[in-house]
Amino acid sequence: MNSNQPIAKYRLDYAKPDFTITDIDLDFDLSPEITTVTARSRVIKQNVSATNLVLDGEALKLLAININDIPWQDYTLTVTGLEVHSVPDEFILTIVNEIKPIDNSALEGLYVSGDALCTQCEAEGFRHITYYLDRPDVLARFSTRITANKKQYPYLLSNGNRIAQGQLENDRHWVQWQDPFPKPCYLFALVAGDFDVLQDNFITRSNRQVTLEIYVDKGNLDRSEWAMTCLKNSMRWDENRFNLEYDLDIFMIVAVDFFNMGAMENKGLNIFNSKYVLAKPETATDDDYLAIEAVIGHEYFHNWTGNRVTCQDWFQLSLKEGLTVFRDQEFSADLGSRAVKRIDDVKILRSVQFAEDASPMAHPIRPDQVIEMNNFYTVTVYEKGAEVIRMIHTLLGEEKFQAGMKLYFQRYDGCAATCDDFVKAMQDASGINLSHFKLWYSQSGTPELTINDDYDADKQQYRLTIKQFTPATQEQAEKQPLHIPLDIELYHRNGEIIPLQFQGDFIDHVLNIHNGEEIFIFDNVREKPIIALLRNFSAPVKLHYDYQDDELIFLMQHTTNAFNRYDAAQMLLAKYIAINVSNHQHSNSMIIPESVIDAFRSVLLSSSLDPALMAQILTLPSENEIANQFKVVDPDAIHVVREWLLTLFADEMFDELFAVYQHNKAASYRIDHIDIAKRALKNACLTILAFASEQDIVDKLVNKQYQQADNMTDCLAALNAAVKAQLPCKDILLNDFDHRWHQDGLVIDKWFILQATSPQKDALANVKALLTHRSFSLNNPNRIRSLIGAFVNNNPALFHAIDGIGYNFLVEILVELNQKNPQVASRLIDPLIRLKRYDKTRCELMRQALKRLLKIDNLSRDLYEKITKALEV
Ligand code: B3K
Ligand code: ZN
């Protein structure tokens, strides 16, 4: 990789394109072995001094170039594409080229998924289809004609409306599509295959009828109904909450088994990983149902936030992703449990995004420097991006926020915009100054708030001193204070809320922090209050405040914000986990006060708490969540302490857990939020009970739930409990599950995940053996993520085994995946680049592993970018 090192692109180097393309007619003569693409584009010069048209293209075989239908000889093929020299100011460019879908294992461009052909163009996949201006600020009207064998590919789909079709000789047929909305090429899509189709329709609020179609593999129709329900709910919700209506006559979703990510929002033709479409109670868990709802919503919502208004350049990715994640989060919250949704989202942020901020890949939500764009579809751009939008929502309130959205669409519909454009629209529509707030777009890292308070009984005054500090990140040493909305509430010890006031004026519960240090004083506080901080997680920050146990226990019971009840419980656990990690490291015995256990017991005994919230409170933080508390992570100690805590909880609260478990059993399975909550609570209890010292009893209980389950949620919860607690029944149950489900990829993925996250000492040997399991394939990203991804990410104690065998295993896998599928390989490497978080021995082993990877022949840009950052070379 030395002679030809990939080079970075910089946000500030953005320049408008020299040429634009207003219309493109694509013609595909499809076959998996060789597909011929004819692209006829209307090209217009934008920069008068430009003479050469520089097009992107990769792995293409050029057959012909015409300008205004005359063959053109004056061109050069380059490493990155094609330069057409001395072109006129406006012309029709025709390019004919060939591609080989069957050889496309990277799943970018046109590729084979099972028996179908499909495309993935975001971010820069269109250049694998034809030579083009593959950048999001070139918007063209697309028409697409597809010709293929009719038996093999009875359905030929593309964006927009189907305008013509016909039969040809030799069992061939063709279909022509036209998309009236100009779009960048990353939103282009094509699918050819044989499917079962679920059809429905939706009447928009202006009374237009939209045909809805969901395409699934033959035999899967009974698993597609939930996706259709979610789609219709999304369409209605976007009309009601955001005033946004669908714009074409047809909306199609195609589910494919081979897909690098979750799904893709191509205009009018969303392509989905089948994992986010297919569900029936026997095969999908409640979490699967909720994930489908979120992803269907997300892709649908992109129609306005992403497609109608797109991004000027890829550095602006969070413009569409942060905003669309915010929208899908609100959709799920409005339809289900807002508190649980918030908790789930914050968990991801704390466990994955905070870890990314502390890694060599730290970047602002609008990155400044990129080698491989696919490396920046990150939890920072997406989830932290959504938190930034949420903070704007908190600062403006719903009404002004919606006014900002309206202005944003008025200004930029049909255009490519920037994050600055979005913030300006929000500011102009609301009259609220966001100039300091904008720093969230350019500054990386997790801000830390340190809060001190004191109470003056004589003056009846309560005083808060708030300091903010953002630790340096690898790519950005200097940090400025941010504008942080801090939502708080004060309580008297009797549970009463104290109104916030200063010198006779009431103060809003959202404090605006702008400086490195700020002081807030509250009057008329008649006793030292208990403070609820960062209500609803009002900003993506870490909090330091010296809570006493009794204050956290108070908040668990009294605070009005459900998120804060959960968070108080988390803080209480975090404190005793940290103490006991240290105890374990120093060979001291582990301890926890009885009052802490009693606090959790009273959660179990509460008759008023929402079962969904109870389940969240009773679910111990994952080892990854715990790891983020520590500067230097000790994965062994964290694992031991977490299991010790589970056994302690199980033994100390056995009767209460068992009673709640029994009480929340449902007679039959229904997908509604009350039943989902009850199952979550029941299974949270089972997960703890499984660790009880009375192993015979819980082994029977778990076994019974597994055998009697009529749905995947209960079946998998039992299997998970058996594996995590290493119950005697686990092997029989695991074998049974394999036997029952090995032919169903999506279901057997759940089994691969359990095998990969087993605490059993020889889990890695087992993972290696499973690489040859009948259901496993290194060609399918879902299988890779379930077996290998789950091991390296979610079995930290074993991945970080002190002899380095976990690291060696990952190196072997990455060597194999580097060329086969660079995007998937690049996601797998993340836990290995966080070397600085570990002790010297592990850090050195990780460094050696990375050095070995850097020597791979033809190292992909994706891995190169992460490895060089990790090694700081
Ligand atoms: N926009 C796509 C992600 C494309 C990933 C490219 N590597 C899915 C989504 O965020 O909706
Ligand atoms: Zn998205």
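When a ligand or atom number is given, it counts from 1 through the structure's own listing order. Remember, predicted model here, so these are calculated numbers, not experimental data.
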Check each atom of ligand 1 against the heavy atoms of Glu265 and keep those under 4.0 Å away; list them by number with element. 1 (N), 2 (C), 8 (C), 9 (C), 11 (O)
Contacting atoms of ligand 1, where contact means under 4.0 angstrom from a heavy atom of Glu321: 1 (N), 9 (C), 10 (O)
Got more than 12 heavy atoms from elsewhere within 6.0 Å of NZ, Lys275? no
From CA spacing to verdict: side chain to side chain donor-acceptor pair (under 3.5 Å), Ser143, Gln178: CA-CA 4 Å; Ser143 89; Gln178 191 174 50; 5.5 Å; no
Taking NZ, NE, NH1 and NH2 as the nitrogens, is one of them in Asp179 or Arg141 under 4.0 Å from a carboxylate oxygen of the other? no
Under 3.5 Å between any N/O of His298 and any N/O of ligand 1: does that happen in this structure? yes
To which protein heavy atom is atom 6 (C) of ligand 1 closest, and what is the distance rounded to 0.1 Å? Glu122 O, 3.1 Å
Ligand 1 atoms nearer than 4.0 angstrom to some heavy atom of Gln823 are 7 (N)
Which residue holds the protein heavy atom closest to atom 7 (N) of ligand 1, what is that atom called, and what is the gap in Å? Asn374 OD1, 2.8 Å
Which of Tyr382, Phe331, Phe301, Phe401 passes ring-ring contact (aromatic ring centres under 6.0 Å, His included) with Phe326? It is Phe401
Residue and atom name of the nearest protein heavy atom (relative to atom 8 (C) of ligand 1), distance in Å to one decimal: Ala263 O, 2.9 Å
Heavy-atom pairs closer than 4.0 Å: do any link ligand 1 to the side chain of Met261, the backbone, both, or neither? side chain
So, Arg342 side chain and Asn536 main chain: donor-acceptor pair closer than 3.5 Å or not? yes
Find, among atoms of Glu321 that are N, O or S, the one nearest to the Zn ion (ligand 2), and state its name. OE1
Among residues at least two apart in sequence or on other chains, which ones pass ring-ring contact (aromatic ring centres under 6.0 Å, His included) with Trp314? Tyr186
Can any side-chain N or O of Ser158 pair as donor or acceptor with the backbone N or O of Leu190 at less than 3.5 Å? no
At under 4.0 Å between heavy atoms, what of Lys320 touches ligand 1? The answer is side chain
More than 12 non-hydrogen atoms from neighbouring residues, nucleotides or ligands closer than 6.0 Å to NZ on Lys341, yes or no? yes
for atom 10 (O) of ligand 1, nearest protein heavy atom and its distance come out as Tyr382 OH, 2.5 Å
Counting from 1 in the order shown, the ligand 1 atoms closer than 4.0 Å to a non-hydrogen atom of Met264 are 1 (N), 2 (C)
Atoms in ligand 1 flagged as close to His302, the criterion being non-hydrogen separation under 4.0 Å: 9 (C), 10 (O), 11 (O)
Who passes salt bridge (charged side-chain N to carboxylate O under 4.0 Å, His left out) against Glu383, sequence neighbours left out? none
